[in-house]
Protein chains: 2
Amino acid sequence: MKRRPTITDVAAAAGVSVATVSKAVNGRYGVAPETVDRVLQVVADLGYESSLIASSMRSRTTGVIGVLVADFEPFSAEVLKGVGQALSDSRYDLLAYSGTRSTAEGWERRSLSRLSGTLIDGAIMVTPTVVNVNADVPVVAIDPHTGPADLPTVECDSFGGALQATRSLIDLGHTRIGFIAGRPDLRSSIARDAGYRRALTDAGLPVDPALVGSGSYRQDAVRMAALEMLRRSDRPTAVFAANDLSALEIVRVASELGLEVPRDLSVIGFDDVPEASKAIPALSTVRQPMQVLGAEAARMLLDLMDGITPTVTHVKLPTRLVLRETTAPPA
Amino acid sequence: MKRRPTITDVAAAAGVSVATVSKAVNGRYGVAPETVDRVLQVVADLGYESSLIASSMRSRTTGVIGVLVADFEPFSAEVLKGVGQALSDSRYDLLAYSGTRSTAEGWERRSLSRLSGTLIDGAIMVTPTVVNVNADVPVVAIDPHTGPADLPTVECDSFGGALQATRSLIDLGHTRIGFIAGRPDLRSSIARDAGYRRALTDAGLPVDPALVGSGSYRQDAVRMAALEMLRRSDRPTAVFAANDLSALEIVRVASELGLEVPRDLSVIGFDDVPEASKAIPALSTVRQPMQVLGAEAARMLLDLMDGITPTVTHVKLPTRLVLRETTAPPA
DNA sequence: TTGAAAGCGCTAACAG
DNA sequence: CTGTTAGCGCTTTCAA
């Protein structure tokens, strides 16, 4: 907890000006070799490291890529791993930022604004609520907001995944199938909702509004919706949830209500976060390649930053149904 | 990609000085209510957000906590989730930083130096190689470097875990048990090594240097060590690896060599990262509570930043053996 | 109640 | 080859 040495300290100790230190440290032309040596020696002695912040204020470029997330939950964590891997042999540092303080709508707008222009050379936004941002750096969105996307985006086939999940429930013999929706502002959530409805309709089953709850990916909202749905006398025998964390919460609620999964209730989630397969019983779900999502976004961003106009600006990756222990025919 | 508005833009548009804008935005005393209103209106219109970087250069405090990792691999990702959860209802933003560019020793020294003093109010370093850092903010280390730690630390019982893992192999009937070591600069790696040796010694088994490889947690090094070890005529019938990623690599190498796991070779890892249970065959491992590690560190850091001297500065959490599909009696 | 001015640590002209 | 100077966007005295 000693005070960090600044460029001024180094300059003083080396008996040169701060400008010379800057040049020496950054390997700029026009410094005598012996001066460089002396400066670097002092740098080593003092353990000096240039402040990323101060440098970035002047030099418009920092070699840092930012990943903006609402929260460090399992989904973002997986995406982050993918981005990290894709960037591991690039020359960029990686900075992940979550504005804990502003769960409010528009967090990414704020975060991006605060970091861009100085700290980061490019950004990846994960499940942004707002798509129309003003940054002075290239931005790629993963699983973006609904509405016109002027941003390059990477997402997965939510409609197809939801269709498949719901169909599998139907194939098992379920006819009363509930749905807990996700964040209504995300394009992917809407697609999952649509996939669910389509599967029912295709099978000639009615869509009962009483079996559609709004969870918004928030634990408390999911709990409330699940409680209401499962307490009904005509409760569903299966529920499809728009993401795994919601599905896991439903399983919890079911068990509190004395319902056994999957005997009394089948549950399918979406994402296949690590927590899904670790749960007891292991959660059936729709796997989306989260790490690939991140890696793909990183690749696009890298191109963008190199001034390359990407040929594909909207990537959609396939999903796959993974049936585990929370699905069974109705009792 | 419009240019981000700065405080100067706001000032101009509102017809006041930048100083006034600053005061209005930050709710300082001494600004006429109507001026405040006008300024905030312009702020909203322009979509202005103060630059985190510029602010942090002047105001010694930012409300941001930094987590410094070498890489966004599974272990750090889990830790990050824990930190995020612990901080979710604090007033702090969370910033995770990985210096991709400097895999070199001392990355955390550099990262910390570059971020602290300006950008972050406190830091958590994950598996730092260097423990003697000069930051001007409080720092907590997770799974730290060996050597005298003047830093508060959080880690798990690596010795006990390794002991248990190796013993379980012995109990299965194995007598030739290999070990692929981790990063020799980490205290936890050394403890795992020691636990392995102790288990063998306790059982009256010799420690064969030919069965101890150095992996350093790096895939290529692990591969080489595993290859060498498994090609021997007197190859081990079981291997304990200092972390899961190493163990997974060993399984891969074994299969390339035509050895079937666990029939021809038992493997146990350490950590229980999500990838371990998803692997085929599912990896037997020593579970360490990675998220709790992160949460615990966050709690300590919060105290430190509040000026509270923590009563316990070195937390050690228990581990638990999780036997899955990569362990069996020797053929 | 407001604004002018200094300065955080650093880089980039430009002089010397 | 080196130092002086001028900011980057912001906050904070201190006068007006």
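Naming convention: chains lettered A, B, ... in sequence-line order (proteins, then strands); numbering from 1 in each chain. Scope of the values below: all heavy atoms of this structure, side chains included, with no hydrogens, waters or symmetry mates.
- The nucleotide whose nearest atom lies closest to any side-chain atom of B/Arg4 is, among D/dC10, D/dG3, C/dG9, D/dC10.
- Every residue was checked against the side-chain hydrogen bond (donor to acceptor under 3.5 Å, both in side chains) condition with B/Ser59, not counting sequence neighbours, and none meets it.
- Among the heavy atoms of the strands lying under 4.0 Å from B/Ser22 is at least one base atom, whether or not backbone atoms are also near.
- For the side-chain contact (heavy atoms from CB on, under 4.5 Å) with B/Val21, the qualifying choice from B/Val42, B/Ile7, B/Leu40 is B/Ile7, the only one to do so.
- As judged by a 4.0 angstrom heavy-atom cut-off over every strand, A/Tyr48 is placed among residues touching the sugar-phosphate backbone only.
- The side chain of A/Ser55 has C/dC10 as its nearest neighbour among C/dT1, C/dC10, D/dG9.
- Close to C/dA4, at under 4.0 Å from its OP1 or OP2, lies no side-chain N or O of B/Ser17.
- D/dT11 atom P lies 19 Å from atom OH of B/Tyr29, rounded to whole Å.
- At a cut-off of 3.5 Å, with distance as the only test, a side-chain donor of B/Asp121 or B/Thr62 sits close to an acceptor on the other residue.
- Side-chain proximity of A/Ala54 to D/dG3, C/dC10, C/dA12: nearest is C/dC10.
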Could you list all N or O pairs between the protein and nucleotides 13-16 of chain D that sit under 3.5 Å apart?
none

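- Among D/dT2, D/dT12, C/dT2, the nucleotide with an atom closest to any side-chain atom of A/Ala32 is D/dT2.
- Nearest to the side chain of A/Ile7, among D/dT11, C/dG9, D/dT2, sits C/dG9.
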